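The block underneath contains the structure these notes are about, expressed in structure tokens.
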Amino acid sequence: MIKDKISFVSGIGFIILCIILFYEASQLSVFGSVFPYAITSILLILSILLILRSFKLEIEVSNEHLNKIKITLLSITFFAWIYFLERAGFILTSLIAFNLLVIINCEGKIPFKKVVFYMVTGSLFVVLLYFGFKNLLLVPLPEGLWFRS
């Protein structure tokens, strides 16, 4: 008997998405399809686990108070990140956007030391992600139109 219908339906939806993604990745070159196949395989495994979990656990969703100002600020931050990505570059916009997201989500509930810790570790992660993609995977990331000489 299915205890969590939302998880079950979500798992089925993700499996359908995986089938579509496997088909789309099959049309790429051998080397171009490695990453999509890997990510889609992980998504497929997690979808199966979600379906299996839907038979054992029932998850109740509580209606929390939605803060419309918070949602608006998060949306503005995401759209500003997208808008300034090409102009200011990946590293600068990602650092600013990530730290703004941390500040908006904390809402004063978390001690200041933890907020600073989250900002520093997140910034280090963004920098490592940037150098990993740029130098190891050789993925061209936006450097910023404003900084080109």
Side-chain angles (χ1 to χ4, degrees), residues 1-67 70-107 109-110 114-145 147:
M1 184 70 188
I2 300 172
K3 293 185 177 181
D4 187 10
K5 293 178 183 175
I6 294 174
S7 295
F8 182 78
V9 172
S10 298
I12 297 295
F14 282 128
I15 288 176
I16 292 169
L17 178 65
C18 288
I19 292 168
I20 294 169
L21 292 174
F22 274 125
Y23 173 74
E24 291 294 326
S26 69
Q27 297 178 353
L28 298 173
S29 68
V30 175
F31 292 115
S33 64
V34 171
F35 187 72
Y37 277 145
I39 296 299
T40 306
S41 299
I42 292 170
L43 180 62
L44 182 65
I45 291 168
L46 292 175
S47 301
I48 293 169
L49 290 174
L50 183 63
I51 290 173
L52 293 175
R53 192 194 76 177
S54 70
F55 289 106
K56 293 185 176 191
L57 298 174
E58 184 174 353
I59 299 174
E60 294 182 24
V61 178
S62 63
N63 291 333
E64 293 184 17
H65 174 69
L66 290 176
N67 189 348
K70 180 179 173 181
I71 293 172
T72 304
L73 288 173
L74 290 172
S75 299
I76 289 170
T77 303
F78 282 119
F79 284 116
W81 178 73
I82 293 168
Y83 178 77
F84 288 109
L85 189 63
E86 195 66 35
R87 290 160 181 78
F90 176 83
I91 191 79
L92 181 63
T93 54
S94 296
L95 287 172
I96 292 171
F98 178 80
N99 288 318
L100 280 174
L101 292 175
V102 169
I103 291 169
I104 292 168
N105 280 317
C106 286
E107 294 181 349
K109 298 176 186 175
I110 299 175
K114 275 198 170 187
V115 173
V116 171
F117 174 74
Y118 293 152
M119 291 173 80
V120 169
T121 55
S123 297
L124 288 173
F125 177 73
V126 168
V127 170
L128 287 173
L129 191 71
Y130 174 75
F131 285 113
F133 272 96
K134 187 161 176 84
N135 297 328
L136 297 176
L137 299 175
L138 303 175
V139 175
L141 294 172
E143 294 179 6
L145 297 174
F147 303 113

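One is the number of the first residue; the rest follow in order along the sequence. No hydrogens, no waters, no symmetry mates; every other heavy atom, side chains included, goes into these values. What you see is a predicted model, and the numbers here were worked out from it, not measured in a lab.
Annotation: the span from K134 atom NZ to F90 atom CZ amounts to 11.0 Å, rounded to 0.5 Å. Atoms OG and CG, from S10 and L17 in turn, are 12.0 Å apart once rounded to the nearest 0.5 Å. The distance from atom OH of Y37 to atom SG of C18, rounded to the nearest 0.5 Å, is 12.5 Å. Atoms CD1 and CZ, on I45 and F14 in that order, are 15.0 Å from each other to the nearest 0.5 Å. I76 CD1 to L100 CG: the interatomic distance, rounded to the nearest 0.5 Å, is 11.0 Å. A distance of 10.5 Å separates CD in E24 from OG1 in T40, rounded to the nearest 0.5 Å.
Contact annotation: the side chain of L21 never approaches that of I39 to less than 4.5 Å [non-hydrogen atoms, C-beta and beyond]. Annotation: side chain of L101 is in contact with side chain of F78 (closest heavy-atom distance under 4.5 Å). Counting heavy atoms from C-beta outward, F22 and P36 have side chains that stay 4.5 Å or more apart.
Partner F98 forms a side-chain contact (heavy atoms from CB on, under 4.5 Å) with one of L95, I96, V102 and no other, that one being V102.
I15 and S47 make their closest contact through CG1-CB, 3.8 Å (heavy atoms, listed as atom of the first residue, atom of the second, distance). Here the closest heavy-atom approach between residue N99 and residue S123 is recorded as ND2-OG, 3.3 Å. When all heavy atoms of T93 and W81 are compared, the closest pair comes out as O-CD1, 3.3 Å. Residues V126 and S94 approach most closely at CG1-CB, 3.7 Å, considering heavy atoms. A pairwise comparison of heavy atoms in K3 and K56 identifies CD-O, 3.5 Å as the closest pair. The two residues A97 and T77 have their closest heavy-atom pair at O-CG2, 3.8 Å.
Between F8 and F55, the ring planes are perpendicular. Angles over 60° get that label, and only those under 30° would be called parallel.
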Evaluate the side chain to side chain contact (heavy atoms under 4.5 Å, CB included) criterion for residues R53 and S7: first the C-alpha distance (whole Å), next the side-chain angles of each, then the deciding distance (0.1 Å), finally the verdict.
-> CA-CA 8 Å; R53 192 194 76 177; S7 295; 3.0 Å; yes

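At least one donor-acceptor pair closer than 3.5 Å links the side chain of S33 to the backbone N or O of V30.
Taking a 6.0 Å sphere around NZ of K70, one finds it holds more than 12 heavy atoms contributed by other residues, nucleotides or ligands.
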